[in-house]
Amino acid sequence: MICHLCPRNCGAERTAQSGGGVCRMPAALKIARAALHQWEEPVISGTKGSGTVFFSGCNLQCVFCQNGDISAGGFGKTVTVKRLREIFEELIAQGAHNINLVTPTPYAPWILQALEPPLPVPVVYNCGGYESAETLRAFAGKVQIYLPDLKYAIPETAQAMSGAGDYFEVATAAIEEMYRQVGPYRIENGLLKQGVVIRHLVLPGQLENTRRCIDWVASRFSKGEVLFSLMSQYTPQPHAQGVLARPVRHSEYRAAVEYMENCGIQDGFLQERTSAKEEYTPPFDLTGV
């Protein structure tokens, strides 16, 4: 296939054996882990866990990625559409509150096949926010919960850290499409049944970037429309340099929380400052694949 699934629009030739472009993934499903996951927002993890499927590859390649083994390293196992459907059903049988697709974009055509017929639990589209609205439209009616990042509002920061200077305009358009599909969030018995949860990871030394992301969410959405998750779990990676080599300071995260509150955002989640720990990076060992 000649790939145009993401905003890179790279036209890479992907075959069943090899890939190209930024994600470098083949034209076949590749998965690194499938298991119940307890470390999402409480309305997604619930008490039994989110049925999380970690796909290999990513179209962003962020320099600080905690899942580098699969996003950049490409670790994973190739499976069929039939096997993916079986994985969904096995996770549901284990008690999963939802099926959580992590970085699904490179595999959109095959995932769409595996989602037929509809599953008995909500489907979560968990992504970096750098998404093609056209690709997202194919998931209308098949995804009930969108879980995008809003990583950057400053083009220079987006270019330096993810090689995507157009990130903000692309991600905000993608979030608009997500909201158009699923509408205001709906929680039943403590679990999210539909809606958009916008995540933002506070990065060391990037408080102005955080403020601008919060500004957009506060100005675009009203109370009761979306949930906002302000994350503190940044973990310096072994190769990190400069300001990225240190954790987020208490003062930085506290300032971000205060700014969010002053902007009137009340619907959402904060993280304890102890959240930057290894549990957020599960072992990518082909569990459940």
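For the numbers below, each heavy atom of this structure counts, side chains included, while hydrogens, waters and symmetry mates do not. Quick caveat, the model's predicted, so the values are computed rather than measured.
- For Val182 against Gln144, the heavy-atom pair with the smallest separation is CG1-O, 3.5 Å.
- Distance alone, capped at 3.5 Å, is enough to place a donor-acceptor pair between the Tyr167 side chain and the Lys151 backbone.
- Between Thr210 and Glu252, every side-chain heavy-atom pair lies at or beyond the 4.5 Å cut-off.
- Among the candidates Val197, Val196, Leu227, the single residue satisfying the side chain to side chain contact (heavy atoms under 4.5 Å, CB included) test with Tyr185 is Leu227.
- Of the residues Arg33, Met25, Arg24, the one that meets the side chain to side chain contact (heavy atoms under 4.5 Å, CB included) test with Ser56 is Met25.
- The structure places CG of Leu147 at 8.0 Å from OG of Ser229, a figure rounded to the nearest 0.5 Å.
- Screening Val121, Thr52, Ile145, Val143 for a side chain to side chain contact (heavy atoms under 4.5 Å, CB included) with Ile99, the sole residue that qualifies is Val121.
- Applying the salt bridge (charged side-chain N to carboxylate O under 4.0 Å, His left out) rule to Glu90 yields the partners Arg83; only residues at least two apart in sequence or on another chain are considered.
- No close placement of the Phe168 and Tyr152 rings is indicated, their centers lying 6.0 Å or farther apart.
- Residues forming a side-chain contact (heavy atoms from CB on, under 4.5 Å) with Ile70 (at least two apart in sequence, or on another chain): Ala32, Phe54, Asn67, Phe75, Phe284.
- In terms of modelled atom types and a separation under 3.5 Å, the side chain of Ser45 and the main chain of Pro42 share no donor-acceptor contact.
- Between Leu101 and Phe88 the shortest side-chain heavy-atom distance falls below 4.5 Å.
- Judged purely by atom type and a 3.5 angstrom limit, Asn100 has no side-chain atom pairing as donor or acceptor with the backbone of Asn126.
- Looking at heavy atoms from C-beta onward, Ile175 lies out of side-chain contact with Tyr146 at the 4.5 angstrom threshold.
- Side-chain atoms of Ser71 never come within 3.5 Å of backbone atoms of Cys58 as a donor-acceptor pair (strictly under, hydrogens ignored).
- Proximity of Glu86 to Val79: side-chain heavy atoms (C-beta onward) are nowhere separated by under 4.5 Å.
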After noting the C-alpha distance and the side-chain angles of Glu134 and Arg137, does the key distance pass the side chain to side chain contact (heavy atoms under 4.5 Å, CB included) rule? CA-CA 5 Å; Glu134 181 179 357; Arg137 281 192 285 271; 3.8 Å; yes
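- A donor-acceptor pair is defined here as one N or O able to donate and one able to accept, closer than 3.5 Å; such a pair exists between the side chain of Arg14 and the backbone of Pro106.
- Residues Tyr107 and Lys30 are in side-chain contact: their nearest non-hydrogen atoms beyond the backbone lie under 4.5 Å apart.
- When all heavy atoms of Asp215 and Cys263 are compared, the closest pair comes out as OD1-SG, 3.9 Å.
- Using a 4.5 Å cut-off on side-chain heavy atoms (C-beta onward), Pro236 and Pro247 make contact.
- The backbone N or O of Lys48 lies less than 3.5 Å from a partner atom in the side chain of Gln38, making a donor-acceptor pair.
- A salt bridge links Arg180 with Glu177; the closest basic N to acidic carboxylate O contact falls under 4.0 Å.
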Take Ile187 and Leu192 through the test side chain to side chain contact (heavy atoms under 4.5 Å, CB included) and record every step on the way to the result. CA-CA 4 Å; Ile187 297 175; Leu192 187 62; 3.9 Å; yes
Full working for side chain to side chain contact (heavy atoms under 4.5 Å, CB included) between Phe228 and Leu150: CA-CA 10 Å; Phe228 184 70; Leu150 182 58; 5.6 Å; no
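- Between Arg186 and Pro122, the closest side-chain pair of non-hydrogen atoms is not below 4.5 Å.
- Under the 3.5 Å distance criterion, the side-chain polar atoms of Asn209 are matched with a main-chain donor or acceptor of Ala153.
- Contact check for Tyr253 versus Leu270: side-chain heavy atoms found under the 4.5 Å cut-off.
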Could you give me the CA-CA distance, side-chain angles and deciding distance for Gln113 and Leu29, then say whether side chain to side chain contact (heavy atoms under 4.5 Å, CB included) is met? CA-CA 11 Å; Gln113 295 176 46; Leu29 291 160; over 6 Å; no
Where do Arg85 and Glu89 land on the salt bridge (charged side-chain N to carboxylate O under 4.0 Å, His left out) test, with the steps shown first? CA-CA 6 Å; Arg85 178 69 185 203; Glu89 293 170 351; 3.1 Å; yes
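- Side chains of Glu40 and Ser50: no donor on one and acceptor on the other come within 3.5 Å.
- Gln237 meets the side-chain hydrogen bond (donor to acceptor under 3.5 Å, both in side chains) test with no other residue; sequence neighbours excluded.
- Crowding of Gln241 atom CD: a count of heavy atoms from other residues, nucleotides or ligands under 6.0 Å not exceeding 12.
- In terms of modelled atom types and a separation under 3.5 Å, the side chain of Asp267 and the main chain of Gly224 share a donor-acceptor contact.
- For the pair Tyr130 (side chain) and Asp149 (backbone), a donor-acceptor distance under 3.5 Å is absent.
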Step-by-step ring-ring contact (aromatic ring centres under 6.0 Å, His included) determination, Phe221 to Tyr179: CA-CA 10 Å; Phe221 296 104; Tyr179 184 75; 5.3 Å; yes
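- Proximity of a side-chain donor or acceptor of Gln271 to a complementary backbone N or O of Gln233 within less than 3.5 Å is detected.
- The environment of NZ in Lys82 is sparse: at most 12 heavy-atom neighbours from other residues, nucleotides or ligands sit within 6.0 Å.
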